Amino acid sequence: VQLQASGGGLVQAGDSLRLSCAASGRTFSSYDMGWFRQAPGKEREFVALISRSGGTTYYADSVKGRFTISRDNAKNMVYLQMNSLKPEDTAVYYCAANSRYRSTTSSTYDHWGQGTLVTVSS
């Protein structure tokens with residue numbers, strides 16, 4: 001599966017933004033999907049994941065209650081709704097697909113999108 005993330009931009013603290021990830025291929029529903037982010041000078045970190053059916057989600061503590069992950073298997077799309085954005089949310093955001101199991105570990109993901117930059121000004 002090929003992934004393409006979009007929707008990043010420059011926003012102010014407290015604003016909202018929705019990221020989208022478009023997947024190619026007919027097997028999208030066989031992948032658990034995750035969002036990760038990497039801030040300048042920092043390692044890539046887990047943000048959120050969603051199960052193949054969309055019935056299970058999991059979030060990093062830093063975004064819990066502010067971010068919502070969702071997917072539309074009919075459209076081969078996964079989304080990340082980000083509310084109450086903070087300057088510390090500034091990062092390149094990546095969507096990723098995992099064919100084996102739900103995981104918060106980036107190395108277990110098989111496919112990655114190119115990333116979309118989110119910048120939150122104070």
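Starting from 1, each residue takes its place in the sequence as its number. This structure is a prediction, so every number in the text was calculated from the model and none was measured.
- Of all heavy-atom pairs between Asn73 and Ser53, the closest is ND2-CA, 4.4 Å.
- Between the side chain of Ser51 and the backbone N or O of Thr56, at least one donor-acceptor pair lies under 3.5 Å.
- Around the CD atom of Glu88, the shell of radius 6.0 Å holds more than 12 heavy atoms that belong to other residues, nucleotides or ligands.
- Clustering ILVMFWY residues whenever any of their side-chain heavy atoms sit less than 4.5 angstrom apart, transitively, puts Phe46 in a cluster other than the one holding Ile50.
- Look at Arg100 and Asp32 and you find no salt bridge, because none of the NZ, NE, NH1 or NH2 atoms lies under 4.0 Å from a carboxylate O.
- Environment of CD in Gln4: sparse, with no more than 12 heavy atoms of neighbouring residues, nucleotides or ligands closer than 6.0 Å.
- The aromatic rings of Phe36 and Tyr109 sit perpendicular, their planes meeting at an angle over 60°, well past the 30° parallel limit.
- No donor-acceptor distance shorter than 3.5 angstrom exists from the side chain of Arg37 to the backbone of Thr90, with no hydrogens or angles considered.
- Counting non-hydrogen atoms of other residues, nucleotides and ligands closer than 6.0 Å to OH of Tyr58 gives a total of 12 or fewer.
- If you take CG on Leu19 and CG on Leu17, they are separated by 5.5 Å, rounding to the nearest 0.5 Å.
- The two residues Asp110 and Tyr31 have their closest heavy-atom pair at OD2-CE2, 4.5 Å.
- With hydrogens and angles left out, the side-chain atoms of Asn98 and Thr108 include a donor and acceptor closer than 3.5 Å.
- Hydrophobic clustering, with ILVMFWY side chains joined whenever heavy atoms are under 4.5 angstrom apart, groups Met82 together with Val78.
- In this model, no donor atom of one side chain and acceptor atom of the other lie less than 3.5 Å apart for Tyr79 and Arg18.
- Residues Ser20 and Met77 come closest through the heavy atom pair CB-CE, 3.7 Å.
- Smallest separation of non-hydrogen atoms from Ser122 and Ala13: CA-CB, 4.3 Å.
- One hydrophobic cluster, built from ILVMFWY side chains closer than 4.5 Å, cannot hold both Trp112 and Met33; they sit in different ones.
- When the side chains of ILVMFWY residues are joined at heavy-atom separations under 4.5 Å, either directly or via intervening members, Val63 and Tyr94 end up in two distinct hydrophobic clusters.
- Taking each heavy atom of Gln81 and Ser16 in turn, the nearest pair found is NE2-CB, 3.9 Å.
- Side-chain atoms of Arg52 and Ser29, non-hydrogen and from C-beta on, never get closer than 4.5 Å to each other.
- Hydrophobic clustering (side-chain heavy atoms under 4.5 Å, transitive across Ile, Leu, Val, Met, Phe, Trp, Tyr) groups Trp35 together with Val1.
- A salt bridge links Lys64 to Asp61: at least one charged side-chain nitrogen sits closer than 4.0 Å to a carboxylate oxygen.
- The aromatic rings of Tyr93 and Phe67 are tilted relative to each other, their planes meeting at an angle between 30° and 60°.
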Evaluate side-chain contact (heavy atoms from CB on, under 4.5 Å) for Leu80 paired with Val47, printing each intermediate quantity in order.
-> CA-CA 10 Å; Leu80 186 69; Val47 175; 4.1 Å; yes

Stepwise side-chain contact (heavy atoms from CB on, under 4.5 Å) test for Thr119 and Val11 | CA-CA 6 Å; Thr119 304; Val11 297; over 6 Å; no

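- Thr57 has its side chain out of reach of Leu49: every pair of non-hydrogen atoms, C-beta onward, lies at least 4.5 Å apart.
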Check step by step if side-chain contact (heavy atoms from CB on, under 4.5 Å) holds for Phe28 and Arg71.
-> CA-CA 10 Å; Phe28 175 68; Arg71 69 189 294 165; 3.4 Å; yes

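- Of all heavy-atom pairs spanning Leu3 and Cys21, the tightest one is CB-SG, 3.9 Å.
- Considering only heavy atoms from C-beta on, Val120 stays 4.5 Å or farther from Gln12 through its side chain.
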